[in-house]
Trainee: 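Can you keep this structure in mind? I'll have questions shortly.
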Amino acid sequence: MSFDRFGRHIHYLRISLTDHCNLRCRYCMPEDMTFRPNAEMLQDDELLLLVRLFASLGFDKLRLTGGEPTVRAQIVPLVQAITATPGIRAVSMTTNGVLLGKLAQPLKAAGLQRVNISLDTLNPQRFRQLTRWGSFDQVWEGILAAERAGLTPLKLNAVVVRGYNEADTADLAGLTLEHPWQVRFIEMMPFAGETDTQLNHVVRAEEIMARIEAVHGPLQPENDGQLDGEARIFRLRGAAGQVGFISSVSAPFCAACTRARLTADGKLRLCLLREKEVDLLTPLRAGAGIDELRQLILDGVWHKPWGHGLAQGEVALNRTMSEIGG
Ligand code: SAM
């Protein structure tokens, strides 16, 4: 079992399958982003060995992310091998949905349980503007394909960026009136790459809630006000789905964090917003034994930072969000 020194049980691993992406969201990475060479990335056999190791340490819940996880070569057999790992009980994916039109069904058949799909606006022009070249129609088709394939309950993630899409939040929340989806609004966080945009265009959850309530009426708290993962959950009156708020900036949820992250280049990152990482790939390639790797993971987890330091102006600048895995 993996516990940190604060007594938190760390059993949820977010695995970045690649730093590559087929979109270039303005708040996520620069248009001319340079990607790491493939030789520096975890290969399938290395990744699967680490997944088995994490599972043996009690990690039972995985989320596959990136970059864009669906652009990884051989994604379907890889997901199949990951979901078949003994001890892993839940595997989900965060994706931009671009390739789900063709991949949703095969991914479901490979054992993937559900997906979170990023969608920041329902306005096709603004979608293109935010993603630099993405097609809203393609992503919408991907969302419907995911639902048809049973990759449910479906969650849609919207990062709200001042000057781009804050006016679209009520329309996005309105999707829940008819669809049994959870639409979650994420406060933008600062990383490397687009740091100025990320620091200066944040829209806080309270403002987003007010915008939604002005159009749709009161948001009723669900779950007795308890967090669902990292999100505070609400429902509009008579709605089929839910509205969530992930307020990492204005209301951090570090005390309840159960996560660690494995980057595509094989680093164990203990907090999304702290630079601290433990290199697993170098020792793995140097011939480290299973016990040595296991101890590296346990020590890393033990020293997981308590929480982020955004309130103190501390920003982790060693990677972009896409290089960590959202
Ligand atoms: N490509 C996939 C996708 O689009 O969902 C997975 C990776 S992406 C980095 C994961 C999530 O992080 C997306 O919902 C994205 O919008 C969000 N994201 C990217 N940059 C962010 C930032 N600076 N603050 C908060 N969320 C961010």
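When a ligand or atom number is given, it counts from 1 through the structure's own listing order. Values reported hereafter were calculated over all heavy atoms of this structure, with side chains retained and with hydrogens, waters and symmetry mates removed.
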Trainee: Kindly compute the distance separating CZ (F191) from OG (S322), expressed to the nearest 0.5 Å.
Mentor: 10.0 Å
Trainee: Would you check the N or O atoms of C28, main chain and side chain alike, for any that come under 3.5 Å of an N or O of ligand 1?
Mentor: no
Trainee: Which residue and non-hydrogen atom of the protein lie closest to atom 4 (O) of ligand 1, and at what distance in Å?
Mentor: S118 OG, 3.3 Å
Trainee: Would one find more than 12 heavy atoms of other residues, nucleotides or ligands at under 6.0 Å from atom CD of Q74?
Mentor: no
Trainee: Less than 4.0 Å is my threshold; does some heavy atom of G66 fall inside it relative to ligand 1?
Mentor: yes
Trainee: If I apply the N/O under 3.5 Å rule, does T65 come out as touching ligand 1?
Mentor: no
Trainee: Does ligand 1 come near enough to S322 that some N or O of the ligand is less than 3.5 Å from an N or O of the residue?
Mentor: no
Trainee: Just distances here: any N/O of E187 and N/O of ligand 1 closer than 3.5 Å?
Mentor: no
Trainee: Can you name the one residue among L119, I186, L130, V202 that meets side chain to side chain contact (heavy atoms under 4.5 Å, CB included) with V159?
Mentor: I186
Trainee: Regarding atom 23 (N) of ligand 1: of the candidates M321, M189, E323, E68, which has the closest heavy atom?
Mentor: M189
Trainee: Could you list which atoms of ligand 1 come closer than 4.0 Å to a heavy atom of F191?
Mentor: 22 (C), 23 (N)
Trainee: So D4 and W302, side chain to side chain contact (heavy atoms under 4.5 Å, CB included) or not? Walk me through it.
Mentor: CA-CA 4 Å; D4 73 2; W302 182 254; 5.5 Å; no
Trainee: In a check of side chain to side chain contact (heavy atoms under 4.5 Å, CB included) between I10 and each of R259, M1, K304, which one passes?
Mentor: K304
Trainee: Which pair of heavy atoms, one from T195 and one from P190, lies closest together, and at what distance?
Mentor: CG2-CB, 4.4 Å
Trainee: If you count the non-hydrogen atoms of other residues, nucleotides and ligands that lie under 6.0 Å from CZ in R237, is the total more than 12?
Mentor: no
Trainee: In the protein, what heavy atom is nearest to atom 16 (O) of ligand 1, and what distance, to one decimal place, separates them?
Mentor: Y27 OH, 2.9 Å
Trainee: Quick one: does ligand 1 sit under 4.0 Å from the side chain of T95, the backbone, both or neither, non-hydrogen atoms only?
Mentor: backbone
Trainee: Apply salt bridge (Lys or Arg N to Asp or Glu O under 4.0 Å) to the pair E166 and R126, showing each step before the final yes or no.
Mentor: CA-CA 11 Å; E166 71 268 42; R126 213 129 51 233; over 6 Å; no
Trainee: With heavy atoms under 4.0 Å as the rule, classify the contact between V159 and ligand 1 as side chain, backbone, both or neither.
Mentor: side chain
Trainee: Do the rings of F35 and H20 sit parallel, tilted or perpendicular, given the 30° and 60° boundaries?
Mentor: parallel
Trainee: What do you reckon, does G67 have a nitrogen or oxygen under 3.5 Å from a nitrogen or oxygen of ligand 1?
Mentor: yes
Trainee: Please classify the Q198 to ligand 1 contact at 4.0 Å (heavy-atom distances, strictly less than): side chain, backbone, both or neither.
Mentor: side chain
